[in-house]
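Here is the structure we will look at, set down as structure tokens.
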Amino acid sequence: MSAAGPEERRFSGTGTREAMRWSKTLIPTHKEDPSHAETTSHKLMLRAGLIRRLTSGVYNYLPLGWRVIRKVEAIVREEMDRIGCQELLMPVVSPAELWQETGRWDVYGKELWRVHDRNGRQFALGPTHEEVVTDIVRNEVRSYRQLPFTLYQIQTKFRDEIRPRFGVVRAREFIMKDAYSFHRDEDSLNETYKAMYDAYCRIFDRCDLSYRPVEAATGAIGGSASHEFMVLCDTGESEVIVCECGYAATDERAEGLIADIMPVEDPLPIEPVDTPGMKTIEDVSEFLGVEPWRLIKTIVYVADGEPVVALIRGDRDINEEKLAGLLGASMIEAAPPAVVEKVTGAPVGFAGPVGLSGVRLMVDRSVEPLRNVVVGGNAVDVHIRNVNAGRDFSVDGYCDIARIGKGDLCRKCGKTMDSFRGIEVSQVFKLGTKYSDSMKATFLNENGKAMPFVMGCYGLGISRTMAAIIEQHSDEYGITWPMSVAPFDVEILAVKFRNEEVREISERLYSDLKAAGIDVLLDDRHDSPGVKFKDADLIGIPIRVTVGERGLKSGALEIRMRETGEQRDLPIDGAVAEITKIVEEAKA
RNA sequence: CGGGGCGUGGCGCAGCCCGGUUAGCGCGCCUGCUUUGGGAGCAGGAAGUCGGAGGUUCGAAUCCUCUCGCCCCGACCA
């Protein structure tokens with residue numbers, strides 16, 4: 001045990017330094033896969049005794065799992081501190097009024113986890129802390145001389161996810177590092193944004209992750225620019241569209257060109273047709289014997305309370321993120337039937353652009369080359385054939401509101417794009433003055449004029465990163481931790497702990513490694529060798545040192561690298577120095 | 001929220017359709033002895049409101065109603 005007090009230990013550099021004995025530690029491993037887990041990381045985290053579920057989307061971090069969390073946090077702290085960020089801690093609970101100031105009490109929706117106190121006063125459990133941090137800064141920072149600076153915290157966050165899944169990958173309570181930067185202008189923000197981006201790359205490199213930063217949509221957080229860091233993983237929830245020219249963006253954000261398939265045709269006269277009960281593109285297409293791309297899909301939305309009509313080629317989908325962005329709307333949703341009827345004069349399923357008035361029309365580029373296509377007739381059971389944009393309805397301009405995917409063309413180089421799946425481990429945003437404006441957070445510039453802070457925010461999912469690491473570091477036997485985040489550097493596996501010589505050598509090695517500053521776990525259980533070997537593979541400590549009668553006969557231990565399976569004998573004399581060297585090399 | 005599935009000792013499951021002694025099996029756990037280089041053997045043992053409530057019945061894990069929880073697909077979402 002270190003002489004440091006609890007506080008000192010809690011905040012010391014790499015944190016977890018105490019060594020442990022398996023027999024005294026709660027490491028509840030399981031032989032069988034848990035029935036409810038689907039993904040590799042979720043199964044292994046449960047089997048290896050890292051986490052236990054308390055309720056849907058809410059997890060206990062058991063000692064082994066918590067050590068990993070602490071190591072990831074330590075890396076994050078080092079990299080945040082390296083670029084000059086200041087750590088602080090904000091409360092989990094924040095008053096509704098603060099969220100009402102920015103409008104997010106409503107905009108954030110059901111995902112915002114609300115609670116009330118005994119007096120009925122309402123609060124939010126923090127899903128992110130723009131409001132709170134902005135409140136601190138508007139109260140405490142007055143002058144441009146104090147800028148720029150960045151505050152961060154590592155804290156438990158709450159999001160009442162519509163569907164928690166994959167263990168801690170999408171949890172309702174999770175651990176996140178969130179940082180917020182404050183600037184006098186965009187240039188300063190850009191500088192910090194770049195520094196943060198680079199720091200994130202270092203963090204994920206140190207976690208030995210294969211990842212990719214991609215352009216992202218801004219969602220409920222808002223702001224002008226954003227990147228997500230995606231860890232490559234087939235079971236990831238996010239889809240990224242990529243081009244070999246280097247372009248990469250989330251499917252929510254991706255821009256691209258939809259290949260034209262419209263042959264050149266002369267415009268034909270417009271012709272209404274009866275389409276009884278044909279409400280979907282599929283219905284109409286089949287009923288009239290017309291390919292889906294020869295239809296225009298007309299969808300009515302409500303954006304910040306105002307109806308908007310969006311048009312796109314029939315075989316494609318609207319990207320609501322892009323649409324909201326172009327409209328400058330913070331909330332967008334498909335219009336309820338009553339609104340559709342009011343706007344188009346017809347029930348849902350028969351909307352079309354011809355004769356539509358008094359509503360804003362957003363037309364995707366894919367509509368421009370279309371000739372003689374089918375659209376809804378804005379009347380029950382009626383569609384119209386041979387419609388041509390410009391002639392039959394007017395278009396102010398074409399925009400890009402299409403959901404882009406694999407197979408579409410890159411806007412930058414024209415090549416066909418591909419896609420991959422990933423886990424989003426972090427997202428960074430240029431917020432601009434979105435929050436400082438609504439919360440009236442200002443500083444005085446050199447002319448004595450009050451200016452809104454220009455802000456950036458930078459999230460990084462700590463618990464999710466742990467899961468992502470396992471997704472990329474496991475084999476059929478268990479986890480294969482990278483040294484940087486492994487719960488322990490070394491596991492001593494005492495094959496027959498009852499044997500006096502084995503016990504003596506193991507104990508000596510254990511205390512010597514501890515003294516050398518190595519995180520070491522001693523499997524001192526009186527179990528059969530098979531159990532111990534299987535458990536060692538499962539929990540995945542990078543270096544395993546086996547102490548057994550077999551080796552001791554020739555004065556040797558056995559060292560095995562978990563990830564590579566590389567294995568060799570190690571003379572007892574000098575073993576500590578050798579192991580220390582290997583650990584240090586791996587950490588360098 | 002729509003669709004699907006599942007709740008039976010700590011874990012994984014059988015039993016339910018077709019109601020009937022003390023509710024089983026494997027793993028794990030406890031005690032003892034033997035064993036110890038890849039999930040040991042023998043003997044003994046502890047542990048289950050069968051998710052909950054109500055109902056049907058002489059009798060319910062099993063049938064009916066309601067309800068809670070969990071998981072999967074979808075919609076949605078830093």
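As a basis for the values below, the full set of heavy atoms in this structure was taken, side chains included, without hydrogen atoms, waters or symmetry mates. None of the values given here were measured: they were computed from a predicted structure. In what follows, every chain begins at residue 1, and chains take the letters A, B, ... in the order their sequences are listed.
Counting to the nearest Å, the P atom of C73(B) and the CD1 atom of Ile162(A) are 14 Å from each other. In this entry the distance linking CD of Glu32(A) with P of G39(B) reads 16 Å, nearest Å. Atom CD of Glu476(A) and atom P of G38(B) are 17 Å apart (whole Å). A straight line from NE2 of His36(A) to C1' of G51(B) spans 12 Å, rounded to a whole angstrom. Spacing between atom CG of Asp527(A) and atom C1' of G37(B) amounts to 14 Å, rounded to whole angstrom units. Between Arg525(A) atom CZ and G39(B) atom P there is a gap of 14 Å when expressed in whole angstrom units. Distance, Glu237(A) CD to C77(B) C1': 9 Å, rounded to whole Å. Summarising the geometry, the separation between CG on Asp523(A) and C1' on G39(B) is reported as 13 Å, rounded to the nearest angstrom.
Look at the P atom in both G39(B) and C27(B): the space between them is 14 Å, to the nearest Å. Only the P atoms considered, G55(B) is 14 Å distant from U62(B), to the nearest whole Å. Taking atom C1' on both nucleotides, U21(B) is separated from G12(B) by 28 Å, rounded to a whole Å. Annotation: A61(B) and U8(B) have their C1' atoms spaced 7 Å apart (nearest Å). Using C1' as the reference atom, C73(B) and C13(B) are 24 Å apart when rounded to the nearest Å. Rounded to the nearest Å, the gap between the C1' atom of C70(B) and that of C42(B) is 40 Å. Straight-line distance between the P atoms of U34(B) and G10(B): roughly 32 Å, to the nearest whole Å. Nucleotides A60(B) and G52(B) are separated by 15 Å at their P atoms, to the nearest Å.
Evaluation of the side chain to side chain contact (heavy atoms under 4.5 Å, CB included) rule for Glu341(A) yields Pro347(A) as partners, not counting sequence neighbours. For Tyr211(A), the side chain to side chain donor-acceptor pair (under 3.5 Å) partners two or more places apart in sequence, or in a different chain, are Asp205(A). Not counting sequence neighbours, the partners of Asp251(A) by the side chain to side chain contact (heavy atoms under 4.5 Å, CB included) test are Glu239(A), Ile241(A), Arg403(A).
Of all nucleotides listed (U35(B), G12(B), C77(B)), U35(B) comes nearest to the side chain of Arg498(A). Listed candidates were C76(B), C72(B), G38(B). Nearest to the side chain of Glu320(A) is C76(B). With G39(B), G38(B), A75(B) as the candidates, the nucleotide lying closest to the side chain of Lys31(A) is G39(B). The side chain of Arg550(A) lies closest to G37(B) when the candidates are C11(B), G37(B), A75(B). Candidate nucleotides U36(B), G38(B), G74(B) were compared by shortest atom distance to the side chain of Arg163(A), and G74(B) ranks first.
In this structure, Glu424(A) reaches the bases: a heavy-atom distance under 4.0 Å links it to at least one base atom across the strands shown. Across all strands, Gly109(A) comes closer than 4.0 Å to no nucleic acid atom at all (heavy-atom distances). Contacts of Gly548(A) with the nucleic acid, taken as non-hydrogen atoms under 4.0 Å apart, include base atoms. Nucleic acid contact class of Asp178(A) (heavy atoms, under 4.0 Å, all strands): none. When heavy atoms are screened at a 4.0 angstrom cut-off, Phe174(A) is found touching base atoms of the nucleic acid. Residue contacts for Ser35(A): at a heavy-atom cut-off of 4.0 Å it reaches the sugar-phosphate backbone alone, with no base atom in range.
Contact check, Ser528(A) against A40(B): a side-chain N or O comes under 4.0 Å of OP1 or OP2.
C6(B): Watson-Crick or G-U partner is G69(B), with both key distances under 3.5 Å. Pairing for G38(B) is absent, judged as Watson-Crick or G-U wobble with the two contacts each under 3.5 Å. The pairing partner recorded for C63(B) is G55(B), the criterion being a Watson-Crick or G-U wobble arrangement whose two distances lie under 3.5 angstrom. Across all strands shown, G19(B) remains unpaired; no Watson-Crick or G-U wobble contact has both distances below 3.5 Å. When Watson-Crick and G-U wobble pairs are counted only if both distances are under 3.5 Å, U49(B) pairs with no nucleotide at all. Taking a pair to require two hydrogen-bonding distances under 3.5 Å in either a Watson-Crick or a G-U wobble arrangement, G24(B) pairs with C13(B). Under the Watson-Crick or G-U wobble criterion, with both distances below 3.5 Å, U31(B) is paired with A43(B). Across all strands shown, nothing is found opposite C76(B) as a Watson-Crick or G-U wobble partner with both distances under 3.5 Å.
Residues Lys430(A) and Asn190(A) have side chains in contact (heavy-atom distance under 4.5 Å, counting atoms from C-beta outward).
Separating the CZ atom in Phe429(A) from the CE atom in Met455(A) is a distance of 12.0 Å, to the nearest 0.5 Å.
Residues from residues 552-567 of chain A placing a heavy atom under 4.0 Å of any atom in RNA chain B, listed by number, are Glu558(A). Taking every heavy atom of residues 42-59 of chain A and every atom of RNA chain B, pairs under 4.0 Å involve Arg47(A), Arg53(A), Thr55(A), Ser56(A), by number.
Between the side chain of Arg170(A) and the base of C77(B), a donor-acceptor pair under 3.5 Å is found.
The 5' end of RNA chain B is approached more closely, in terms of each residue's nearest nucleotide, by His30(A) than by the other of His526(A) and His30(A). Comparing Gly167(A) and Gly530(A) along RNA chain B, the residue whose closest nucleotide (by nearest heavy atom) sits nearer the 5' end is Gly530(A).
A donor atom on one side chain and an acceptor atom on the other are not found under 3.5 Å apart for Thr40(A) and His42(A). Judged purely by distance below 3.5 Å, without hydrogens or angles, the side chains of Asp437(A) and Tyr435(A) never pair a donor atom with an acceptor atom.
Residues Val302(A) and Pro336(A) come closest through the heavy atom pair CG2-CD, 4.1 Å.
Although no hydrogens or angles enter the test, the distance criterion places a donor-acceptor pair under 3.5 Å between the side chain of Ser554(A) and the main chain of Gly551(A). Looking only at distances, no side-chain donor or acceptor of Lys177(A) sits under 3.5 Å from a matching main-chain atom of Gly459(A). At least one donor-acceptor pair under 3.5 Å links the side chain of Arg421(A) to the backbone N or O of Gly236(A).
Each of Asp569(A), Thr546(A), Leu509(A) was checked for a side-chain contact (heavy atoms from CB on, under 4.5 Å) with Leu557(A), and the lone residue meeting it is Leu509(A).
Sorted by first then second residue, the side-chain hydrogen bond (donor to acceptor under 3.5 Å, both in side chains) pairs that include residues 44-58 of chain A, not counting sequence neighbours, are His30(A)-Arg52(A).
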